[in-house]
Amino acid sequence: MTSAPDAPEQGFRLSQLIYDTRYRSLTIQVVVLIAVMAAAGWLVDNTVRNLHALGKDFNFGFLWNRSGYDIAQYLIPYSNDSTHGRAMLVGLLNTVWISVLGCAAATVIGIFVGVLRLSKNWLVARLMTVYVETFRNIPVLLWILVSMAVLTEIAPGPNEYKVNPATGEAGASMVLFDSVAFTNRYTAIPSASFGRSLGTIDTPLMPVSVDWMLLLAALAVSIWANARFRKWADAVQERSGVRPTTWWKSLLIVLVPVIAVALALGFRIHEPVLKGFNFVGGTNVSNSFVALWAGLSLYTGAFIAENVRAGILSVSKGQSEAAFALGLRPGRTMSLVILPQALRVIIPPLISQYLNLMKNSSLAIAVGYMDLRGTLGGITLNQTGRELECILLMMLIYLGLSLVISTVMNAFNRKVKLKER
């Protein structure tokens, strides 16, 4: 019995890089990589040549030079004798601070409005619709400017909070149990102190309060202990089918250690008090910060409300019907059944809204709040003439902040997503 001889093996040929499917994709990737690297090299070389023609070089030594300008709002010690690097850090922390507070407030507003948009009460649902459509269809810059105008033009002056001896009444009254005063110059809010303070620790960045560190440590331990307690409750429910009552125990686990540490340190709250023509005793927050916070929160909250509404509608009606059949009230059904399932639809677009809010905070310069755009991309850039370095630093910092937000939220998304068994 004879068989046809095997086909002779051929060696590697250059034409295979194009015509052989085993190598074609690799060839294309290498060519594209070389083209991108060549374009980047040309761009860098062209930039260096142009800077040399203008008598400039590319370095970041200006960050260690004296800044020479003041910043009204700062979270770490700063003066006009500080360096431009310190000013950049102050602006970065201001950006992070307004972004964190804005995301928190926008999330609360968005959940509240998104749930109410689905209310069976016609008036409530229509009012929430008006809010959403109004705020998300007008640029956020205008809402920031409107908030600033309301605070500076409509809010009363500090002296209007003084009681008139003739009438026995004041021209304006404080809100939130007489603890917050909105004025046309600033917003007076309560401040905190420790009667038995343990002092501070000096670090190159800023003095760190030992008291606040202990409070945060107590809170972290309480949250960890509460998580362990809830896992125990879940295990009991798995074994017996009956879940033990946990709400008041969880509340005690979280609050008692924090309250105990606060009492031991002599924690006190000082409410603002009008003396003369100004409020003293509390903290006076600039109206630029409040206006920026309000504008960003209300604008982003309208988009988050639509994300929440879409997430709730994505959950099958059979889920709520089953919850009602088990005797759960509508409020408990929403918080325990609907929203947890809707999270896997809500969180992905929520990440985009958080990123948008953080980047929109660069509009702070419109109301005089000194964030990263106002310090590094504003005064420092104008004083030093280092346009390329300042813009490049800002781009890298905003990219880093965006990646941090995306990483944290994606990790949370993986935790709450539907797990297949």
Requested in this report: For F60 and F62, run side chain to side chain contact (heavy atoms under 4.5 Å, CB included): C-alpha distance rounded to whole Å, both residues' side-chain angles, the deciding distance at 0.1 Å, then the answer.
Outcome: CA-CA 5 Å; F60 296 94; F62 68 94; 4.1 Å; yes

Report task. Decide yes or no on side chain to side chain contact (heavy atoms under 4.5 Å, CB included) for T380 and M88, but give the supporting numbers first. Result -> CA-CA 8 Å; T380 293; M88 178 190 69; over 6 Å; no

Query - Neighbour count above 12 (heavy atom, 6.0 Å) for R228 CZ - result: no

Report task. Kindly indicate, with the supporting measurements, whether the criterion side chain to side chain donor-acceptor pair (under 3.5 Å) is fulfilled by Y78 and S67. Result -> CA-CA 10 Å; Y78 174 84; S67 63; 2.8 Å; yes

Report task. Taking the side chain as every heavy atom from C-beta outward, state whether L313 and V345 have any atom pair closer than 4.5 Å. Result -> no

Requested in this report: Nearest 0.5 Å please: distance from the OG atom of S99 over to the CD1 atom of I405.
Outcome: 6.0 Å

Query raised in the report: Would you call R49-D45 a salt bridge at under 4.0 Å N-O?
Result: yes

Query raised in the report: What distance do L355 atom CG and C103 atom SG have between them, rounded to the nearest 0.5 Å?
Result: 8.5 Å

Requested in this report: For side chain to side chain contact (heavy atoms under 4.5 Å, CB included), just list the numbers for D371 and I98, CA-CA rounded to whole Å, side-chain angles, deciding distance to a tenth of an Å, and then say yes or no.
Outcome: CA-CA 9 Å; D371 68 333; I98 193 65; 5.8 Å; no

Query - Exam field: side chain W143 to backbone L298, donor-acceptor pair closer than 3.5 Å - result: no

Query raised in the report: Short question: side chain of N94, backbone of M370 - any donor-acceptor pair under 3.5 Å?
Result: yes

Report task. Kindly indicate whether the side chain of V221, heavy atoms from C-beta on, has any atom under 4.5 Å from the side chain of P257. Result -> no

Query - Identified side-chain contact (heavy atoms from CB on, under 4.5 Å) partner of L399 from the options I397, L401, L403 - result: L403

Query raised in the report: To the nearest 0.5 Å, how far apart are CG in L219 and CG in L255?
Result: 9.5 Å

Would you mind writing out the side-chain donor-acceptor pairs for residues 25-43 within the sub-3.5 Å range, not counting sequence neighbours?
| residue | atom | partner | partner atom | Å |
| --- | --- | --- | --- | --- |
| T27 | OG1 | L17 | O | 2.8 |
| T27 | OG1 | Y23 | O | 2.9 |
| Q29 | NE2 | S25 | O | 3.4 |

Requested in this report: Report yes if some heavy atom in the side chain of M174 is under 4.5 Å from a heavy atom in the side chain of F279; otherwise report no.
Outcome: yes

Query raised in the report: Under 3.5 Å, is there a donor-acceptor pair between the side chain of N50 and the main chain of N46?
Result: yes

**Report entry** Residues which pass side-chain hydrogen bond (donor to acceptor under 3.5 Å, both in side chains) with Y354, listed by chain and number, not counting sequence neighbours
**Finding:** T107

Query raised in the report: Does N278 use its side chain to pair, donor to acceptor, with the backbone of P158 at less than 3.5 Å?
Result: no

Query raised in the report: For atom CZ of F58, is the number of surrounding heavy atoms from other residues, nucleotides or ligands below 6.0 Å larger than 12?
Result: yes

Query raised in the report: Is there a side-chain contact between M394 and S362, using heavy atoms and a 4.5 Å cut-off?
Result: no

Query raised in the report: Are the side chain of R86 and the backbone N or O of R66 linked by a donor-acceptor pair below 3.5 Å?
Result: no

Report task. Kindly indicate whether the side chain of V140, heavy atoms from C-beta on, has any atom under 4.5 Å from the side chain of L363. Result -> yes

Report task. Please round to the nearest 0.5 Å and tell me the distance separating atom CG of L372 and atom CG of L93. Result -> 10.0 Å

Pair up each side-chain donor or acceptor in residues 111-121 with any protein partner under 3.5 Å, not counting sequence neighbours, and list the distances.
| residue | atom | partner | partner atom | Å |
| --- | --- | --- | --- | --- |
| R117 | NE | T129 | OG1 | 3.3 |
| R117 | NH1 | E306 | OE1 | 3.3 |
| R117 | NH1 | E306 | OE2 | 2.4 |
| R117 | NH2 | T129 | OG1 | 3.2 |
| S119 | OG | N121 | N | 3.1 |
| N121 | OD1 | L123 | N | 3.0 |
| N121 | OD1 | V124 | N | 3.2 |

Query raised in the report: Looking only at atom types and distance, does a side-chain atom of S179 sit under 3.5 Å from a main-chain N or O of L176, one as donor and one as acceptor?
Result: yes

Query raised in the report: Are the side chain of N307 and the backbone N or O of I346 linked by a donor-acceptor pair below 3.5 Å?
Result: no

Query raised in the report: Below 4.5 Å, heavy atoms only, C-beta onward: do T83 and L63 meet side chain to side chain?
Result: no

**Report entry** Enclosure of Y74 OH (heavy-atom neighbours >12, cutoff 6.0 Å)
**Finding:** no

**Report entry** Derivation and outcome, side chain to side chain contact (heavy atoms under 4.5 Å, CB included), residues I144 and Y299
**Finding:** CA-CA 9 Å; I144 296 173; Y299 176 80; over 6 Å; no

Query raised in the report: Taking atom CG of N356 and atom OG of S361, what is their separation to the nearest 0.5 Å?
Result: 11.0 Å

Requested in this report: Calculate, to the nearest 0.5 Å, the distance between atoms CD1 and CD1 belonging to I312 and I338 respectively.
Outcome: 8.0 Å

Requested in this report: Assess the side chains of R185 and N284: does a donor N or O sit below 3.5 Å from an acceptor N or O?
Outcome: no

